[in-house]
Protein chains: 2
Amino acid sequence: MSETFPTKPEVSRPTMIDVARRAGVGLGTVSRVVNGGHGVRDETAQRVRAAIDELGFQRNEVARALRPGKKSTSLALVLGDLTNPFYATIAKSSLEIAGQSGFAVVLGSVDEDPEGEKRAIQELVSRQVAGLMIVPDQGDHAFLEGAGVPVVFVDRPATGIDADIVMVDNEGGGRLATEHLLAQGHERIAILLAPSYYTIGRRLRGFRRAHRAAGIDVDESLVIQLPEGNAEAAEKATREVMLRPDPPTAIFASTNFLTEGVLRALGELGSQLKSEPAVVGFDDFRLADMLPTPVTVVASDIAELGRSAARLLLDRASGADTRPPQRIVLPCGLIERGSGERPPDSAAKRKAR
Amino acid sequence: MSETFPTKPEVSRPTMIDVARRAGVGLGTVSRVVNGGHGVRDETAQRVRAAIDELGFQRNEVARALRPGKKSTSLALVLGDLTNPFYATIAKSSLEIAGQSGFAVVLGSVDEDPEGEKRAIQELVSRQVAGLMIVPDQGDHAFLEGAGVPVVFVDRPATGIDADIVMVDNEGGGRLATEHLLAQGHERIAILLAPSYYTIGRRLRGFRRAHRAAGIDVDESLVIQLPEGNAEAAEKATREVMLRPDPPTAIFASTNFLTEGVLRALGELGSQLKSEPAVVGFDDFRLADMLPTPVTVVASDIAELGRSAARLLLDRASGADTRPPQRIVLPCGLIERGSGERPPDSAAKRKAR
DNA sequence: CTGTTAGCGCCTTCAG
DNA sequence: CTGAAGGCGCTAACAG
């Protein structure tokens with residue numbers, strides 16, 4: 001029990017040969033029984049199954065995957081910070097789908113740097129995964145071209161390779177959020193942008209389109225590019241912009257973490273402000289409805305993002321799907337909770353006229 | 001480019017033999033170069049490396065792991081809902097440590113049921129992972145005894161097997177939270193308990209100990225066992241207990257999700273209540289400091305939980321650590337934010353006397 | 001120093 | 001219906 005085995009460190013698991021000997025049959029027979037048991041006499045199969053149980057035999061998936069053609073039964077998932085509920089949701093939902101088909105999901109260690117991503121992906125490929133789901137970083141992904149493994153990009157496309165991509169309607173969402181604010185009468189809307197990922201660019205595009213459609217000019221000093229994508233950066237930027245002589249009457253935060261930073265800044269600024277700006281965030285988040293002013297957001301079904309990606313990848317891996325690269329776009333909806341329905345205050349309005 | 005290859009679905013990656021032929025050397029030499037290149041003439045090694053680059057060769061980890069003894073270079077992580085920031089944090093931090101040693105982390109699909117966990121674990125074992133990190137469900141885990149793979153349990157121990165375990169000081173945390181409330185003068189403290197996991201039991205124990213130490217009896221009607229561990233169950237229970245003729249003046253929520261439910265209920269009850277109870281939660285959560293009343297919690301370093309588990313498992317897997325099963329317990333601290341510092345209201349006090 | 005050889009555990013022909 | 005044999009990509013042991 002509490003004894004150690006310095007010389008026999010590993011308890012080797014039984015193999016098919018052990019089972020075959022135990023059951024007094026040939027190796028091939030055992031294999032057949034294990035894989036569906038087709039074409040084996042019932043009595044023989046019984047004996048084999050008994051031996052399997054007695055020995056506690058478990059098929060070695062590694063050896064199995066070694067056969068040519070036969071890919072392994074695991075998918076790789078490469079993404080950033082699992083601590084971000086957005087990514088966690090993708091991980092969970094894709095894992096769910098993969099699991100239903102008996103696939104495991106391997107998470108590559110993903111540091112922040114773009115080189116780290118490449119290394120992680122290659123390590124995963126060397127593990128013979130049947131397919132890759134990648135939330136890509138900004139670097140070039142052309143190196144995946146010859147990997148010989150199906151790839152599905154999630155949340156944003158990658159450059160240098162034409163592969164399946166599952167994402168949300170970023171531009172539509174950006175437009176939706178902006179239109180909503182414009183409809184309340186806001187004419188000075190600030191937008192906070194995380195470092196230029198593809199998604200953020202599209203959201204900004206929606207922002208501009210909505211303005212154009214409404215015949216309102218975008219004040220470029222309110223298009224705020226943040227140096228980092230975290231709450232702190234957004235907090236700082238919000239404080240600065242709100243203390244300007246001519247502050248915006250509404251803020252569109254392009255990311256869940258940014259929304260948090262905006263709210264934090266507004267909370268601290270509090271009474272220093274003549275009036276509180278309306279706020280709309282992109283992506284919903286837990287507790288958004290419980291904050292002092294419940295937060296209005298533009299959101300999409302992130303879990304479905306992960307599910308779609310996994311399903312698509314599974315079909316590619318099995319060879320069931322041979323269509324040219326697909327592009328799945330999930331819609332965004334508006335969830336009104338209060339913060340986005342604040343009208344522009346009268347003082348600001350007076351100034352604008 | 002946009003052509004499909006129905007008959008040749010896989011681009012087979014180059015193998016060591018290809019490299020050997022290309023470099024005009026033997027197979028063994030290539031292997032030696034790939035594994036550190038010890039004992040190979042420099043010039044030869046150069047040629048081999050060149051061939052590797054030209055062919056884009058990558059060692060097949062699967063084949064490598066087939067050798068006896070040589071375990072694969074991936075760890076398994078089995079846990080519940082990745083959507084719970086608590087688990088997500090464990091996943092992230094353990095992944096970080098594993099990655100530093102060149103290990104990947106395989107996530108088994110974990111349904112809710114206890115049988116699903118066993119199946120998931122066995123699938124992972126069949127994939128020849130080098131070790132298992134498990135946040136165990138309630139069932140018996142004796143079946144892991146003969147798995148021949150090191151196991152580290154995370155957050156709570158499992159029954160039926162004596163293995164390493166990394167967890168937080170649940171009892172200490174429960175006691176800390178309770179002492180804090182008692183110190184404010186609360187004598188009627190309700191505790192909300194998620195379905196009886198090990199951790200919850202310990203937290204309750206701390207709750208009772210703190211009472212005993214203070215010479216105050218626990219009102220058993222305030223020890224509330226919830227049917228489920230989600231926010232909704234806590235919300236419902238909170239509403240009920242607060243509407244009793246003799247409601248508690250403080251609430252200890254034993255879980256992050258439960259805390260959320262408590263706050264939600266209190267928010268809705270609002271003015272119906274004669275006075276708002278103090279609230280302390282177990283485990284910190286994002287935005288806890290931004291709620292209408294910032295939430296006081298007892299918390300520990302969850303990321304360290306994951307890191308310790310991964311480090312320990314890595315040492316076990318490599319054989320570097322052969323000590324008897326370890327038990328690592330991380331401390332809990334109190335984070336005062338407001339909700340836990342509300343004194344019992346005067347009306348309630350009068351009643352109690 | 002370097003090439004050759006024998007498996008690792010399994011699946012897939014191919015005979016019997 | 002069943003047993004035997006070959007090979008997947010790699011490493012380790014053994015000759016040269």
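To find a chain, count down the sequence lines: A is the first, B the second, and so on, and within it residues start at 1.
- Between B/A51 and B/A23, the shortest heavy-atom contact is CB-CB, 3.9 Å.
- The side chain to side chain donor-acceptor pair (under 3.5 Å) check on B/D164 picks up B/R316, with sequence neighbours excluded.
- Residues satisfying the side chain to side chain donor-acceptor pair (under 3.5 Å) test with A/E54, not counting sequence neighbours, are A/R22.
- Residues satisfying the ring pair (Phe, Tyr, Trp, His ring centres under 6.0 Å) criterion with B/F153, sequence neighbours excluded, are B/H141.
- Atoms CG and CE, on A/L107 and A/M133 in that order, are 9.0 Å from each other to the nearest 0.5 Å.
- Looking at residues 122-130 of chain A, you'll see that no heavy atom sits under 4.0 Å from any atom of DNA chain D.
- Remark: B/R156 pairs with no residue by the salt bridge (Lys or Arg N to Asp or Glu O under 4.0 Å) rule, at least two apart or across chains.
- Of all non-hydrogen atoms in A/L124 and A/A76, the two that sit nearest each other are CG-CB, 3.5 Å.
- An OP1 or OP2 oxygen of D/dT2 is reached within less than 4.0 angstrom by a side-chain nitrogen or oxygen of A/T44.
- Within 4.0 Å of A/V25, counting heavy atoms only, lie sugar-phosphate atoms of the nucleic acid but no base atom.
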What pairs of nitrogen or oxygen atoms, one from the protein and one from nucleotides 14-16 of chain D, lie under 3.5 Å apart?
none

Between the protein and nucleotides 8-11 of chain D, which nitrogen or oxygen pairs come in under 3.5 angstrom?
from: D/dC10; atom 1: OP1; to: B/N60; atom 2: N; distance (Å): 3.0
from: D/dC10; atom 1: OP2; to: B/T15; atom 2: OG1; distance (Å): 3.3
from: D/dC10; atom 1: OP2; to: B/M16; atom 2: N; distance (Å): 2.6
from: D/dT11; atom 1: OP1; to: B/N35; atom 2: ND2; distance (Å): 3.3
from: D/dT11; atom 1: OP1; to: B/R64; atom 2: NH1; distance (Å): 2.6
from: D/dT11; atom 1: OP2; to: B/S31; atom 2: OG; distance (Å): 3.1

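- B/E115 and B/K118 are not joined by a salt bridge, as no carboxylate oxygen comes within less than 4.0 angstrom of a charged side-chain nitrogen.
- Taking the side-chain contact (heavy atoms from CB on, under 4.5 Å) definition, one finds that A/T83 meets it with A/D81, B/T89, B/K92, sequence neighbours left out.
- The side chain of A/T29 places an N or O atom within less than 4.0 Å of a non-bridging phosphate oxygen (OP1 or OP2) of D/dG3.
- In this view, B/Q58 satisfies the side chain to side chain donor-acceptor pair (under 3.5 Å) rule with no residue, not counting sequence neighbours.
- Taking CD1 of A/I165 as the start and CG of A/D162 as the end, the distance is 11.0 Å to the nearest 0.5 Å.
- Judged as a side chain to side chain donor-acceptor pair (under 3.5 Å), and not counting sequence neighbours, the contacts of A/S74 are A/S72.
- Under the side-chain contact (heavy atoms from CB on, under 4.5 Å) criterion, A/S101 pairs with A/F103, A/L314, not counting sequence neighbours.
- Comparing the axis of the opening five pairs of the helix from C/dC1-D/dG16 to C/dG16-D/dC1 with that of the closing five pairs yields an angle of 50°, rounded to 10°.
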